[in-house]
Number of protein chains: 2
Amino acid sequence: MQTRGTREDDAIMAKAPTVYDVAERARVSIASVSRVLRNPDSVKEQTRERVLEAVRHLGYVPSANARGLAARRTNVIGLFFPGHDDVTGSDGRLVAASGGVTVVRDDATGDPETHNYYFDEVLRGAEIEAWRRGFALMVAAGRGASREAIVNDIAGRVDGLAVLARTVPDELLAHVARRIPVVVLAATRGTDEFDHVSVNNAPGMQAITEHVLSTGARRLMYIAGPEDSPDDRERLEGFRAAVDRVDGVTVELVRGDFSRVRGREIALGIEAMPEAIVCANDQTALGVLDAMGRRSISVPDDVMVTGFDGIAAGRHSTPRLTTVHQPMVELGRAAIQALTARLDDPALDAQSLVLPVQVVLRDSCP
Amino acid sequence: MQTRGTREDDAIMAKAPTVYDVAERARVSIASVSRVLRNPDSVKEQTRERVLEAVRHLGYVPSANARGLAARRTNVIGLFFPGHDDVTGSDGRLVAASGGVTVVRDDATGDPETHNYYFDEVLRGAEIEAWRRGFALMVAAGRGASREAIVNDIAGRVDGLAVLARTVPDELLAHVARRIPVVVLAATRGTDEFDHVSVNNAPGMQAITEHVLSTGARRLMYIAGPEDSPDDRERLEGFRAAVDRVDGVTVELVRGDFSRVRGREIALGIEAMPEAIVCANDQTALGVLDAMGRRSISVPDDVMVTGFDGIAAGRHSTPRLTTVHQPMVELGRAAIQALTARLDDPALDAQSLVLPVQVVLRDSCP
DNA sequence: AGCCCAACTGTAAGCGCATACAGTTGTGCC
DNA sequence: GGCACAACTGTATGCGCTTACAGTTGGGCT
């Protein structure tokens, strides 16, 4: 029965072919089809060819579900992080306005970016490492209400789950952890039994603060992040450690929220300008730079500014931002590594990996 | 048989509980367990409570594999995009240098970012839309050699696949498309039968070029992207269309590669400075701005510069970059929408959605 | 020629769930 | 009190694959 290629080529996926279909066409058993796909060397070449021909001809793609069920593992790793709030187009209807081009003028007064580069970088690291190790990567962001459903859903789909600190309620995490290994990112180990991967927040902040103090500055402002952030807490500790070792330092502590807008707001409101503003993250520091630019206050001459994170935008800001670079991509990779290590050996002790950071001196505090 | 909670709570996942375990504990059939999870209202409240208690007590999380197999759909959508080349730590060993903080000075001569924000944005849009519609999102980047394996792998795991143009060989895509719907991003429809989602490249570039010409500029340089990019081709068309409608315009066309480094290189090498440099994307334009800064050539007074994409970095560059904003997040969302539309109705005609763009006037070409 | 063993290949039993269909129970009504 | 029917619940099957185990084949030996 000869079939013209085109005939089946544009068939509208009447029914996805299965091992049975392939086996029938190749005149072998389904076991042989499975072998050709999983362990080609265990099949005679001639048989293998017949099977592969059938695979190609039928457009066969094995079902990962069936495979996962039979093999008892999915080969997928999940990454869960705090959600980008769904601001854009809340009703979700897109209009195809083909031919539509509008022109607007952006005078820099509009809403600043809300985007957090941090997660992109972590995600990139995770993606690279996961596929390198033969795992697919599934991503999910925390949506307020449906968080539990999503976490449960993803937990049933993966062999292991990496979660950003504070994005999943402890109880839910504990529930999930009974089924698959969980690694927590950006938090050092507390009393829980999970693996952790974090960066050297306190020593990093301490080092950059010491650098600031080494310039002779004594009147400092510290713009912190949200109180429930473990990262923020550690950074503040590092800052205090540095400050406490030097006499005659005055500190004004302001609570920010890690955002650029808030950094700008705060900096616009400063009356008695300090000699240096140490920010808990880069976004905040960039907001401060925005404000100083607007107020025509020279950085670093009138006030020095430092950040923390090492996001790309800081390399191109005006002035270029002095900061502590944390290895975000490595963080993602390390999470996957920790997870695969535990999958290989579930009996491993819970580990807590702390990645090194780097103080990067640029123009905002030379 | 009473069991103290703690006993099982810290069990090291001896074996993930299944519906059978839950059913046994709740003294119901597995069908009822399944109903409680999928369709709670179809079960008497009292029974439901017993089941939920068992779920909680046992730490039960349903297997998506088994569910997907039985239900014949995975509820996962895949996103495939060109890979970030795996540059960092090629051997993959991480050293936990806890306590390690190094200090470096960054004088802006080092390697510029290689990172492409474009994909991050698209990914974000896809992620939002997928989960909103009840699909999980699986991401994969194209790795040179193993591309075929990865695409096949992911194809077996998802109900639909979104692919960035030119990242997957046609033949492979055709193979996959016989099993699941495929939508191609950032390319208008050619001869294939896939759904497409793209942006209004040509009209957008035409509009911004017209704006440049409206300032009176007549000697232009155009820095294009790689030749095999459909986006680039369309933008160049738009540029030409604008230029052709005005007399006395001279154009020098240079071939770039969409990267910031290359943009800088090219701009550093310019001898006869044009009145305006129109770039095929923002990264290139930012590189040009870098170069002009270094050469102390004033933008826009001595030369105007425009980009295309609307990445966040352009909002904060010096000077702020005039560009064409393309809705990257919307692109990702639209891809998911197209996919779900086709899943709902496989008989749909292949559609080609073109999203509108927006010319954003900022300081580099006011 | 007969035997043994290596190299293949086939058979069959699940993996954990959804669901059609077949009970079972409880309620309102005559 | 008995019947019809609604509201639940249980039984049984199959989704598409992996894999232990049981054939089958053929070549090298004696």
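Below, chain A is the first sequence line, B the second, and so on; all start at residue 1.
For the side chain to side chain contact (heavy atoms under 4.5 Å, CB included) with Y60(B), the qualifying choice from V51(B), L52(B), L37(B) is L37(B), the only one to do so. For the side chain to side chain contact (heavy atoms under 4.5 Å, CB included) criterion with R48(B), the lone passing option out of R50(B), E45(B), Q46(B) is E45(B).
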If a protein heavy atom is under 4.0 Å from the base, mark B; if only from the sugar-phosphate, S; if neither, -; do that for nucleotides 13-19 of chain C going 5' to 3'.
-> -BBBBBB

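The line from CD1 of I30(A) to OG1 of T18(A) is 8.5 Å long, rounded to the nearest 0.5 Å.
Nearest heavy-atom pair across A141(A) and I150(A) is O-CD1, 4.1 Å. Summarising the geometry of I336(B) relative to I77(B), their closest heavy-atom pair is CD1-CG2, 3.7 Å, with the distance given to 0.1 Å.
One finds a salt bridge joining E129(A) and R132(A) here, because a Lys/Arg side-chain nitrogen approaches an Asp/Glu carboxylate oxygen to under 4.0 Å. Between R124(A) and E121(A) a salt bridge is recorded (basic side-chain N to carboxylate O distance below 4.0 Å).
A salt bridge (Lys or Arg N to Asp or Glu O under 4.0 Å) check over residues 51-74 of chain A, counting only residues at least two apart or in different chains, returns the pairs R25(A)-E53(A), R73(A)-D159(A).
For DNA chain D, the span of nucleotides reached by chain B at under 4.0 Å from its heavy atoms goes, 5' to 3', from dC8(D) to dG16(D).
Remark: N152(B) pairs with V61(A), E148(B), L172(B), H175(B) by the side-chain contact (heavy atoms from CB on, under 4.5 Å) rule, at least two apart or across chains.
In this structure, E24(A) places its CD atom where only 12 or fewer heavy-atom neighbours from other residues, nucleotides or ligands lie under 6.0 Å away. Around CG of D349(A), the count of heavy atoms belonging to other residues, nucleotides or ligands within 6.0 Å does not exceed 12.
Axis orientation changes by 50° from one end of the helix from dA1(C)-dT30(D) to dC30(C)-dG1(D) to the other, with each end axis drawn from 5 pairs and the value rounded to 10°.
For the contact set between residues 150-157 of chain A and DNA chain D, defined by any heavy atom under 4.0 Å, there are no members.
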